[in-house]
Amino acid sequence: MNKKLGNIFKGDKVIWMIFFFLCMISIVEVYSASSSLSYKGGNYWSPILKHSGILAFGTFMMVVVLNVKCKYFKLATPILLLFSFITLLWVLAAGQSTNGASRWVSLVGIQFQPSEVAKGALVLAVAQILSAMQTDKGADRKAFGYILFVGAFIVFPIMLENLSTAMLICVTVVLMMFIGRVPLDQIGKLLGIVAIVAVLGIAMIMLLGTDRSGDTEKQVLTESTIEKKESPSAFEKMFHRADTWKSRIMKFMSNEEIPPEKYDLDKDAQVAHANIAIATSNVVGKGPGNSNERDFLSQAFSDFIYAIVIEEMGIVGAAFVALLYIFLLFRTGQIANRCENSFPAFLAMGIALLLVIQALFNMLVAVGLAPVTGQPLPLVSKGGTSTIINCVYVGVILSISRSAKRKNQTTEKSTRAVASVA
């Protein structure tokens with residue numbers, strides 16, 4: 001029996017435990033936070049059964065991927081890059097809109113976000129470039145140009161509809177370049193240019209956008225608004241989400257203190273109820289299933305699930321969830337350190353950084369330290385294809401841990417054999 005289980009749960013056991021804890025927390029908290037969905041659908045069990053089914057399928061895909069040898073990931077890189085680029089253009093041209101942003105496409109009856117696939121494809125490409133161009137003194141200077149060239153085809157289309165995801169990918173790629181020993185002067189110049197572009201971009205948003213944070217109605221410029229014009233220009237299409245971005249910036253930058261009795265819950269419902277959830281947790285939490293704010297937060301089971309975690313599990317539970325992601329990054333670093341080849345090491349670190357940075361974004365938004373970004377909490381928030389793809393990412397790390405462990409064991413045996421002969 002133990003042997004059969006060992007054949008299924010291959011790879012690093014610590015990564016498996018982290019994944020297991022995140023899934024268990026996800027099932028409990030999504031079950032609690034889906035009260036609004038249960039009420040609307042008239043079926044109390046439907047949301048959690050669907051979510052558990054997605055997690056089960058994601059686990060199955062993870063087991064499939066962890067049995068794939070690392071060398072085959074290289075072969076998948078050009079295919080995934082081409083697929084990502086085509087679907088990203090598709091979503092810009094005819095994507096399905098959610099909250100004013102075209103982020104979804106349907107392929108063979110399956111609805112998914114191309115940006116989720118594109119994130120992994122870009123990490124694969126960057127890892128391959130860094131590993132192929134490593135020298136004794138670090139990465140070749142040409143690697144920097146190749147990474148920027150490939151990254152532009154992925155990041156720019158995502159940026160037009162999902163700025164937070166584009167920022168997430170950019171931060172991940174920069175950290176991968178730092179780990180891959182890309183010359184610091186090149187990274188420094190890139191960060192300087194990014195800072196200038198960011199200032200210009202914010203200036204354009206503030207000039208073109210309209211602050212709708214005071215409206216009680218939907219706070220986005222929907223596609224229907226754009227369609228009222230007979231032929232909107234490419235410039236207008238590019239900045240059609242300027243209103244949303246400006247509203248979020250203005251909300252975050254506002255230092256005005258509003259008394260509780262004058263706070264407009266209709267205007268800032270998500271942020272307000274997230275703050276209430278955290279403030280009423282009383283450190284120890286209300287206990288699983290006892291959240292009050294889940295009934296008022298429109299995205300309690302997705303973007304703001306961390307606020308529900310704090311409300312129900314308290315500071316201890318919130319810290320435990322945060323530590324799980326930290327342990328994931330730390331353990332992946334140990335796995336990468338055992339790798340004999342640089343490609344699996346860079347790939348494992350890239351994927352771990354992708355998951356952990358997204359988790360950090362989500363947590364900062366939930367506690368009010370960052371503007372609302374719409375990033376779910378990986379492996380915890382309720383999701384569809386995004387949850388499955390995150391499971392696949394963990395499967396890649398487990399696959400790399402298997403090969404790294406075998407090589408480490410082989411090296412130890414060789415060392416012992418040489419020592420015994422000596």
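Quantities reported herein were computed from a predicted structural model and do not represent experimental measurements.
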Which heavy atom of [X] sits nearest to which heavy atom of [Y], and what is that distance?
{"X": "Ser401", "Y": "Gly11", "result": "OG-CA, 3.4 Å"}
{"X": "Val91", "Y": "Pro114", "result": "CB-CG, 4.3 Å"}
{"X": "Ser84", "Y": "Ile154", "result": "CB-CD1, 4.0 Å"}
{"X": "Gly120", "Y": "Tyr393", "result": "N-OH, 3.0 Å"}
{"X": "Ala139", "Y": "Ala143", "result": "CB-CB, 4.4 Å"}
{"X": "Ala366", "Y": "Ala307", "result": "CB-N, 4.0 Å"}

Determine yes or no for a side-chain-to-main-chain donor-acceptor pair under 3.5 angstrom, with [X] supplying the side chain and [Y] the backbone.
{"X": "Ser26", "Y": "Val380", "result": "yes"}
{"X": "Ser131", "Y": "Ala127", "result": "yes"}
{"X": "Asn390", "Y": "Ser386", "result": "yes"}
{"X": "Tyr306", "Y": "Leu377", "result": "no"}

Verdict with reasoning, Val394 to Ile18, per side-chain contact (heavy atoms from CB on, under 4.5 Å): CA-CA 10 Å; Val394 178; Ile18 293 171; over 6 Å; no
With [X] via side-chain contact (heavy atoms from CB on, under 4.5 Å) - residues at least two apart:
{"X": "Lys142", "value": "Met133, Asp140, Tyr146"}
{"X": "Ser32", "value": "Ser291, Arg294, Glu312"}
{"X": "Cys170", "value": "Val155"}
{"X": "Ala198", "value": "none"}

Could you tell me whether the side chain of [Y] reaches within less than 4.5 Å of the side chain of [X], counting heavy atoms only?
{"X": "Ser403", "Y": "Lys69", "value": "no"}
{"X": "Leu379", "Y": "Cys23", "value": "no"}
{"X": "Val365", "Y": "Asp303", "value": "no"}
{"X": "Ile15", "Y": "Ile335", "value": "yes"}
{"X": "Tyr325", "Y": "Met363", "value": "yes"}
{"X": "Leu360", "Y": "Leu364", "value": "yes"}
{"X": "Pro344", "Y": "Asn341", "value": "yes"}
{"X": "Thr385", "Y": "Glu116", "value": "no"}

side-chain hydrogen bond (donor to acceptor under 3.5 Å, both in side chains) contacts touching residues 347-370 (sequence neighbours left out):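 Residue pairs with at least one partner in residues 347-370: Lys119-Gln358.
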Residue pairs involving residues 53-63 (criterion side-chain hydrogen bond (donor to acceptor under 3.5 Å, both in side chains); sequence neighbours excluded):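 Every pair satisfying side-chain hydrogen bond (donor to acceptor under 3.5 Å, both in side chains) with a residue in residues 53-63: there are none.
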[atom2] on [Y] to [atom1] on [X], rounded to 0.5 Å:
{"X": "Ile278", "Y": "Ile308", "atom1": "CD1", "atom2": "CD1", "answer": "9.5 Å"}
{"X": "Ile310", "Y": "Ile315", "atom1": "CD1", "atom2": "CD1", "answer": "6.0 Å"}
{"X": "Leu168", "Y": "Leu355", "atom1": "CG", "atom2": "CG", "answer": "9.0 Å"}
{"X": "Leu328", "Y": "Asp12", "atom1": "CG", "atom2": "CG", "answer": "10.0 Å"}
{"X": "Met62", "Y": "Ser399", "atom1": "CE", "atom2": "OG", "answer": "12.0 Å"}
{"X": "Met349", "Y": "Ile397", "atom1": "CE", "atom2": "CD1", "answer": "9.0 Å"}

Could you tabulate the donor-acceptor pairs under 3.5 Å formed by side-chain atoms of residues 70-83, not counting sequence neighbours?
{"residue": "Thr77", "atom": "OG1", "partner": "Phe73", "partner atom": "O", "Å": "3.2"}
{"residue": "Thr77", "atom": "OG1", "partner": "Lys74", "partner atom": "O", "Å": "3.3"}
{"residue": "Thr77", "atom": "OG1", "partner": "Gln128", "partner atom": "OE1", "Å": "3.0"}

Donor-acceptor pair between Thr165 and Gln375 side chains, under 3.5 angstrom: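 The answer is yes; a qualifying pair exists.
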Trace of the side-chain contact (heavy atoms from CB on, under 4.5 Å) decision for Val356 with Ile326: CA-CA 7 Å; Val356 174; Ile326 295 174; 5.9 Å; no
ring-ring contact (aromatic ring centres under 6.0 Å, His included) involving Phe85 - partner list, sequence neighbours excluded: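 With neighbours one apart ignored, the set is Phe153.
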Listed partners of Phe320 passing ring-ring contact (aromatic ring centres under 6.0 Å, His included), at least two apart: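 Scan of Phe320 (ring-ring contact (aromatic ring centres under 6.0 Å, His included), adjacent residues dropped) gives Phe21.
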From CA spacing to verdict: side-chain contact (heavy atoms from CB on, under 4.5 Å), Ile25, Phe20: CA-CA 9 Å; Ile25 292 170; Phe20 173 78; over 6 Å; no
Evaluation steps, side-chain contact (heavy atoms from CB on, under 4.5 Å), between Phe19 and Cys391: CA-CA 9 Å; Phe19 175 78; Cys391 290; 3.8 Å; yes
Let me have the donor-acceptor pairs involving side chains of residues 175-195, under 3.5 Å, with sequence neighbours excluded, atom names and distances please.
{"residue": "Arg181", "atom": "NH2", "partner": "Gln134", "partner atom": "OE1", "Å": "3.2"}
{"residue": "Arg181", "atom": "NH2", "partner": "Thr135", "partner atom": "O", "Å": "3.1"}
{"residue": "Asp185", "atom": "OD1", "partner": "Arg141", "partner atom": "NH1", "Å": "3.4"}
{"residue": "Asp185", "atom": "OD2", "partner": "Arg141", "partner atom": "NH2", "Å": "2.9"}
{"residue": "Gln186", "atom": "NE2", "partner": "Arg141", "partner atom": "O", "Å": "3.2"}

Residues that Glu311 engages under salt bridge (charged side-chain N to carboxylate O under 4.0 Å, His left out), provided they are two or more places apart: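 Scan of Glu311 (salt bridge (charged side-chain N to carboxylate O under 4.0 Å, His left out), adjacent residues dropped) gives Lys286.
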With Thr172 via side chain to side chain donor-acceptor pair (under 3.5 Å) - residues at least two apart: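 Scan of Thr172 (side chain to side chain donor-acceptor pair (under 3.5 Å), adjacent residues dropped) gives none.
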